[in-house]
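So the structure is just underneath, and the comments pick up after that.
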Amino acid sequence: MIRDIAIVGFGLAGASAALSLRDQGYDGRIHLFGDEPVPAYDRPSLSKSVLAGATVEAPPLLDAAWYADAAVEIHAGERVQRIEPARRRLHLPAGTSLTYDRLLLATGARARTLSLPGAELDGVLSLRDQADSAKLRSRIGPGMSLLIVGGGLIGCEVATTARKAGAEVRILESADELLLRVLGRRLGAWCRERLEALGVVVQRNARITAFEGKGGRARAVAFADGLRISADTVLISIGAEPDTALAQQAGLACVRGVPVDATGLSACPELFVAGDAACWPLREGGQRSLETYLNSQAQAATAAAAMLGRAEPSPQVPRAWTEIAGHRIQTIGDFEGPGSWLLRGDAESGHPLLMLRVHGGAVAAAMSVDATKDFATATRLVEAGTPVSLPALSDPATNLRDLLRARPSTGTR
């Protein structure tokens, strides 16, 4: 009988798993461990509404009363020291320990850092939690200058927020375009142009060699070609690394996440992983850490069911959303996969834009700009693997919903 389930991680995956366990009727004990003083909150808001000062703190994902009503035992600020999988035991601070029947690691990811001279200076920041957002918010007012190292999602979101707050903003990107990994070259270039229209300076192919300071505080960034750019604040935003320290200590081999099967089960019996720390199988083959809000929720629900003996393998389809330069961007699927891309709409004219990757007679991936309704339909096409007619799909007069109705779905979710 399963009486004790331990969840290590206070973030989205951990909270979603606890919620799912109770929703599925599990009435045993749930222990929820986290490094931060409060349970899960909305991290995407840290680079948007919280950073803008529209809200003082990120909203909680679950009401505080829910944890009490659901009898979830919260261990705030109590970092698990190590795991003994053979004994199903967690070792805690002060020499205490706790045994479990099932364990879910939802340890998330940690911000990547740069090992460069001056990286320890005051004013060289990262953005991962509420404290980081509050510190950055105090430094992005009118007349202040911000250098953002990294042109990924977080960097571009922060650039949007900081520029609207009146700060002078410059993005330093080592690649030849922004957002290549998450949105691809075409949409990355489109986002860059919109940021530049806001007044953000974008410097591509940037090679940084050091951070320079005075009196212990960052004042400039130095480049390989001898260029030097002054700034009041520097934000390092070069992605995140799955936090696999506990899994590795437990003997699990990790490469960009903890490898798991499509139910979240690791190589250790009764030890599951979900969220950013998991290297999860993908529907189109391969597996990797997805590091997205929606995938973390889905993985947590799948792992919770499997812990209760209701395994339903769920290979993931990557999906994400962001807001950059006032535009809502949504994505589903792998953009680097085979097939051909179709374009519906014209974002240049201000109209909604939808891009679709078609492979094997079905829509395998989609991305949209300000096309929420069409994207919702495109998502259903991707999830169901519905066969589509390329001429009909290419015709802007075709209603995507008609393609869903035309033939029954043949794929799996």
Side-chain angles (χ1 to χ4, degrees), residues 1-34 36 38-44 58-76 80 88 90 98 100-109 242-243 246-247 257-258 260-266 268-283 289-320 379 383 412-413:
M1 179 178 292
I2 303 172
R3 297 307 307 167
D4 285 272
I5 293 180
I7 300 173
V8 180
F10 254 5
L12 171 66
S16 297
L19 178 63
S20 185
L21 286 168
R22 290 301 188 225
D23 285 347
Q24 295 184 56
Y26 172 67
D27 61 1
R29 298 176 71 182
I30 299 176
H31 304 269
L32 186 58
F33 293 87
E36 295 189 63
V38 294
Y41 52 82
D42 181 59
R43 289 187 188 274
L61 297 183
L62 297 170
D63 290 337
W66 180 84
Y67 295 97
D69 293 343
V72 174
E73 299 182 36
I74 296 177
H75 303 258
V80 175
R88 296 184 190 174
L90 301 180
L98 180 145
Y100 61 83
D101 297 307
R102 302 289 185 273
L103 171 63
L104 175 69
L105 291 182
T107 46
D243 186 350
L246 275 176
V258 184
V260 296
D261 67 14
T263 71
L265 179 63
S266 74
C268 286
E270 321 305 349
L271 195 163
F272 296 75
V273 191
D276 293 354
C279 183
W280 198 283
L282 305 180
R283 195 176 73 178
S289 170
L290 294 174
E291 301 173 25
T292 77
Y293 192 101
L294 297 173
N295 288 112
S296 289
Q297 283 183 312
Q299 292 172 15
T302 296
M307 285 192 286
L308 299 179
R310 303 165 189 157
E312 295 184 8
S314 179
Q316 294 287 287
V317 178
R319 59 190 74 204
T379 294
E383 290 177 333
T412 58
R413 295 179 69 86

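Using a 4.5 Å cut-off on side-chain heavy atoms (C-beta onward), Pro315 and Leu282 make no contact.
Judged by distance alone, the side chain of Arg310 and the main-chain N or O of Gln24 form a donor-acceptor pair under 3.5 Å. Of the possible donor and acceptor atoms, none in the side chain of Tyr100 sits under 3.5 Å from a partner among the backbone N and O of Ile7. Counting only distance, with no hydrogens or angles, the side chain of Ser20 and the backbone of Ser16 share no donor-acceptor pair below 3.5 Å. Trp280 places a side-chain N or O within 3.5 Å of a backbone atom of Ser314 that can act as its donor or acceptor partner. Judged purely by atom type and a 3.5 angstrom limit, Thr107 uses its side chain to pair as donor or acceptor with the backbone of Asp243. Panel note: side chain Gln299, backbone Gly275; a donor-acceptor pair is recorded below 3.5 Å. Under a 3.5 Å cut-off, the side chain of Ser266 and the backbone N or O of Leu271 do form a donor-acceptor pair. Under the 3.5 Å distance criterion, the side-chain polar atoms of Asn295 are matched with a main-chain donor or acceptor of Arg319.
Of all heavy-atom pairs spanning Ala304 and Leu21, the tightest one is O-CD2, 3.7 Å. Heavy atoms only, all atoms of each residue included: Ala298 and Gln316 are closest at CB-OE1, 3.7 Å. Shortest non-hydrogen contact noted between Met307 and Ile2 is O-CD1, 3.1 Å. Here the closest non-hydrogen pair linking Pro242 and Ala277 is CB-CA, 4.0 Å. Between Ala13 and Ala274, the shortest heavy-atom distance links the atoms CB-O, 3.8 Å. Counting all heavy atoms, side chain and backbone alike, Glu36 lies closest to Phe10 at O-CE2, 3.3 Å.
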**Report entry** From CA spacing to verdict: side chain to side chain contact (heavy atoms under 4.5 Å, CB included), Asp276, Ser296
**Finding:** CA-CA 7 Å; Asp276 293 354; Ser296 289; 3.6 Å; yes
Requested in this report: I would like to know whether Asp101 and Arg29 meet salt bridge (Lys or Arg N to Asp or Glu O under 4.0 Å); could you show each step before the answer?
Outcome: CA-CA 10 Å; Asp101 297 307; Arg29 298 176 71 182; over 6 Å; no
Report task. Given side chain to side chain contact (heavy atoms under 4.5 Å, CB included), test Arg88 with Leu103 step by step and report yes or no. Result -> CA-CA 8 Å; Arg88 296 184 190 174; Leu103 171 63; over 6 Å; no
**Report entry** Evaluation steps, side chain to side chain contact (heavy atoms under 4.5 Å, CB included), between Leu246 and Val80
**Finding:** CA-CA 8 Å; Leu246 275 176; Val80 175; 4.0 Å; yes
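How far CG of Leu90 is from CG of Asp4: 10.0 Å, rounded to the nearest 0.5 Å. Taken to the nearest 0.5 Å, the CZ atom of Arg43 stands 9.5 Å off from the CG atom of Leu12.
In this structure, a donor-acceptor pair under 3.5 Å is absent between the side chains of Thr379 and Glu383.
In this structure, Glu312 places its CD atom where only 12 or fewer heavy-atom neighbours from other residues, nucleotides or ligands lie under 6.0 Å away.
Legend: residues meeting ring pair (Phe, Tyr, Trp, His ring centres under 6.0 Å) with His75, ordered by chain and number and at least two apart, are His31, Phe33.
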Scan the side chains in residues 58-71 for donor-acceptor partners under 3.5 Å anywhere in the protein, sequence neighbours excluded, and list what turns up.
none

